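Have a look at the structure below before the remarks.
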Amino acid sequence: MTRRPRDPTAPQIRAENIYQTLRNRICTNRIPPDTLLREEVLAAEFNVSRSPIRKVLAKLEHEGLVEVRHGVGTHVTQIDADALVDIYRARMSIAAATGPYFVTPLTAAHADMVDTYRDRFRALKPGDANGFADVNLQFYRDLTGLIANTCMREVHRNLFYGTSRMWLMKLPELDWADTIAKVCDELDEITRAIRRSDPVALGYAMRNGIAFNLSQFQLAREFGEPE
C-alpha cells in the first residue's frame, strides 16, 4: 500500500484555520469578554494537540484579543471604551491615507461585491446581532481585500478586529432600522467611489464609514451610562 506524501504545510494551515475561527468568535461576541479559554477544551474541539492551540492563543494575545493571567489561564480581554475611541480615530486617519494602496483598476465586479453586501444587510431580520456580526466581518475582509499593499491591508484588519466587539455590543441599544439605513448609505458611497475607479475617494468613503461607527458607539455609550 502506497502512502500519500505528507503535506508539510498541513499543520500551518490547520493552525491558521483554528486562529481564524477563534478570532471570528471573539470578534462577533460569540465568545464574550472575560471568557476563560482552556487549551485542553480547544484541543479536543479541533482535534489537535495543545501545541497549535498555544500558538493560536499567543497570536490572539499579540492582537489584544486575549490575555494570559498567571495562575488563572487565558481570558478574552475586557473592552476599554476609551482605548477603543483612540483605535477608531487611528482607523479613520489610516483609511483616509489608503487611496494609493488599492488595487488598480477598481472594477464593476468590485462594486457589485459591495452592492451584494448592502443587500445582505438589508435582508437581516431586525435585532439579528449575530447575523449582522457575520455579514460585517465578511464584508470588511472582502473590502480590505481590495488593498494591494499587504502591510496596509493587515493594519486595517487588525485595528478592525480590535473595535468590532464594542460596535456589536452596542448594537442592541441603537435603532435597528436607522442603523441599517446608515450602513447601506455608507456602502452606497463606497460603491460610487469604486464605480468611478477613484481610489482616493474610496479611502475617504471608508473613513466616513468608520466615523459613523464611532458616532454610533459614542451615542450608545452616552445613553447607556447611568446618571
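Being a predicted model, the structure only gives us computed values, none of them experimental. No hydrogens, no waters, no symmetry mates; every other heavy atom, side chains included, goes into these values.
In this model, a donor atom of one side chain and an acceptor atom of the other lie less than 3.5 Å apart for Thr144 and Arg157. Judged by distance alone, the side chains of Asn208 and Glu189 do bring a donor and an acceptor atom under 3.5 Å apart. Side chain to side chain, Arg23 and Tyr161 meet the donor-acceptor criterion of an N or O pair below 3.5 Å. No side-chain donor-acceptor contact under 3.5 Å links Tyr88 and Asn213. Between the side chains of Thr98 and His156, at least one donor N or O lies within less than 3.5 Å of an accepting N or O.
Counting heavy atoms from C-beta on, the side chains of Asn17 and Ile13 come closer than 4.5 Å. Met152 places a side-chain heavy atom less than 4.5 Å from the side chain of Ile94. Contact of the Leu137 side chain with the Cys27 side chain is registered, since non-hydrogen atoms from C-beta on lie closer than 4.5 Å. The shortest side-chain heavy-atom distance between Thr74 and Leu36 does not fall under the 4.5 Å cut-off. In this structure, the side chains of Val114 and Phe139 come closer than 4.5 Å at one or more pairs of heavy atoms. With a 4.5 Å cut-off on side-chain heavy atoms, Leu37 and Ile31 count as touching. Using a 4.5 Å heavy-atom threshold, the side chains of Lys59 and Glu16 count as touching. Residues Val76 and Asp34 are not in side-chain contact: their nearest non-hydrogen atoms beyond the backbone lie 4.5 Å or more apart.
Considering every non-hydrogen atom in both Phe121 and Cys184, the closest pair reads CB-SG, 4.5 Å.
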Throw together a table of side-chain donor-acceptor distances under 3.5 angstrom for residues 193-206, partners on residues two or more places apart or in other chains.
unit_1 : atom_1 : unit_2 : atom_2 : d
Arg195 : NH2    : Asp112 : OD1    : 2.9
Arg195 : NH2    : Asp115 : OD2    : 2.9
Asp198 : OD1    : Val200 : N      : 3.3
Asp198 : OD1    : Ala201 : N      : 3.0

Distance-only donor-acceptor pairs under 3.5 Å for side chains of residues 47-57, two or more places apart:
unit_1 : atom_1 : unit_2 : atom_2 : d
Ser49  : OG     : Ser51  : N      : 3.4
Arg54  : NE     : Glu39  : OE1    : 3.2

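For the pair Arg192 and Asp188, the salt-bridge criterion is not met [side-chain N within less than 4.0 Å of a carboxylate O]. With salt bridges taken as basic N to acidic carboxylate O contacts below 4.0 Å, none links Asp134 and Arg120. For Arg69 and Glu67, the salt-bridge test passes: some basic side-chain N is under 4.0 Å from an acidic carboxylate O.
Surrounding CZ of Arg38 are at most 12 heavy atoms belonging to other residues, nucleotides or ligands under 6.0 Å away. Heavy-atom contacts from other residues, nucleotides or ligands closer than 6.0 Å to CZ of Phe46 number more than 12.
For the atom pair CD of Glu63 and CD1 of Ile26, the computed distance is 9.0 Å after rounding to the nearest 0.5 Å.
Hydrophobic clustering places Val103 together with Tyr117 (ILVMFWY residues linked when any side-chain heavy atoms are closer than 4.5 Å, directly or through intermediates). Neither Tyr19 nor Val155 shares a network with the other; the hydrophobic side chains, linked directly or stepwise wherever heavy atoms of I, L, V, M, F, W or Y lie under 4.5 Å apart, form separate groups for each.
A cation-pi contact, defined as under 6.0 Å to the ring centre and within 45° of the axis, is absent between Lys182 and Phe212.
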